[in-house]
Amino acid sequence: MKIHTLVLGDMLNCSYIIETGAQALLVDPSWQMQTIYDLLEQNGLKPAAALFTHGHYDHLHGAAELLEKYGIKGYIEESDVLMSALPARLLHIFKGDYKTKLAGLDIEFLHTPGHSRGSVCIKIGEDLFTGDTLFPGGCGRADLPGSNPKDLQNSLERLAHLPPETKVYSGHCYGPGESAQTTIGHEIKTNPFIKLALR
Ligand SMILES: [Zn+2]
């Protein structure tokens with residue numbers, strides 16, 4: 001398994017392409033679809049599904065075209081379906097925690113509400129795609145419609161109980177030189193929001 005990171009769009013969103021054999025899973029494909037198509041083509045990859053960390057516009061607004069093009073489904077937690085504005089026929093909708101197998105990989109969606117009601121973190125082995133729930137040194141906003149600060153705190157506490165070696169891939173790469181990647185262990189030591197959630 002190989003993970004390609006693409007930082008796309010004017011909000012520095014991270015789209016991830018998870019390569020496994022000749023197949024690919026796409027996490028939050030949203031901006032600059034041609035860049036995503038080109039990467040798939042150059043690596044001879046056939047997409048198996050798109051996985052959405054949540055329903056905010058900047059994480060999926062261009063995804064309908066991609067889902068149609070490849071005839072695949074977008075996996076999303078039901079509380080964020082309406083906000084996503086994606087047609088239901090293109091979606092695989094689940095409720096709460098959800099496990100499945102895609103492209104030969106065990107996929108675990110951990111329901112981590114707070115930034116939005118339907119926010120999930122996607123766990124594949126030791127890799128965790130956190131969307132806007134957890135960033136290196138920070139966490140997502142909890143002052144948006146559908147946000148809930150207490151829920152976000154509970155979700156961060158849940159993530160802090162994952163194995164410390166868990167690798168985190170977040171939903172934005174904020175600022176030059178800023179990384180979108182970290183580990184749960186590093187965040188437990190350094191992230192003030194995780195520390196607060198664990199108090
Ligand atoms: Zn968001």
Side-chain angles (χ1 to χ4, degrees), residues 3 5-18 25-33 36 49-67 74-87 90-98 107-124 127-160 168-175 178-182 184 187 191-194 196-197:
I3 298 171
T5 304
L6 296 170
V7 183
L8 302 174
D10 47 21
M11 293 167 79
L12 300 173
N13 281 82
C14 295
S15 288
Y16 297 100
I17 298 180
I18 303 165
L25 297 173
L26 311 172
V27 178
D28 289 353
S30 182
W31 305 85
Q32 293 166 248
M33 286 300 143
I36 295 176
L51 317 175
F52 298 120
T53 58
H54 62 300
H56 283 156
Y57 170 87
D58 57 313
H59 291 259
L60 46 62
H61 80 278
E65 176 196 302
L66 173 140
L67 297 172
Y75 284 64
I76 189 166
E77 209 280 337
E78 70 164 11
S79 318
D80 276 10
V81 168
L82 197 64
M83 168 182 9
S84 79
L86 291 171
L90 297 177
L91 299 175
H92 179 102
I93 300 164
F94 58 91
K95 185 177 167 58
D97 286 352
Y98 178 69
I107 317 288
E108 202 176 338
F109 293 89
L110 310 175
H111 187 207
T112 50
H115 173 67
S116 69
R117 287 191 196 94
S119 282
V120 295
C121 292
I122 303 160
K123 191 170 181 300
I124 307 176
D127 296 312
L128 185 74
F129 300 88
T130 57
D132 289 354
T133 297
L134 175 65
F135 299 113
C139 66
R141 288 175 61 175
D143 60 343
L144 302 166
S147 293
N148 181 315
K150 186 64 201 160
D151 285 350
L152 182 58
Q153 211 171 43
N154 291 338
S155 293
L156 293 173
E157 185 187 355
R158 181 179 186 192
L159 296 182
V168 171
Y169 300 82
S170 65
H172 291 269
C173 184
Y174 284 133
E178 293 288 330
S179 174
Q181 288 170 31
T182 181
I184 290 294
E187 293 309 300
N191 186 319
F193 300 95
I194 295 262
L196 186 68

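Treat the numbers as computed from the prediction; the structure is a model and nothing was measured. In listed order, ligands and their atoms are each counted from 1. Position 1 is the first residue of the sequence; numbering continues from there. These numbers come from the heavy atoms of this one structure, side chains and all, not from hydrogens, waters or symmetry mates.
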Let me check your reading of the structure: within less than 2.8 Å of the Zn ion (ligand 1), is there an N/O/S atom from His56? yes
Here the N/O/S atom of His115 closest to the Zn ion (ligand 1) would be NE2
Parallel, tilted or perpendicular, as decided by the 30° and 60° cut-offs, for the rings of Tyr98 and Phe109: tilted
Arg158 and Asp97 ion-paired at < 4.0 Å: yes
Below 30° counts as parallel, above 60° as perpendicular, anything between as tilted: where do the rings of His61 and Trp31 land? perpendicular
Geometry at the Zn ion (ligand 1) - Asp132 OD2 versus His54 NE2 angle, rounded to 10 degrees: 90°
Classify the ring geometry of His92 against Tyr75: parallel below 30°, tilted from 30° to 60°, perpendicular beyond 60°. parallel
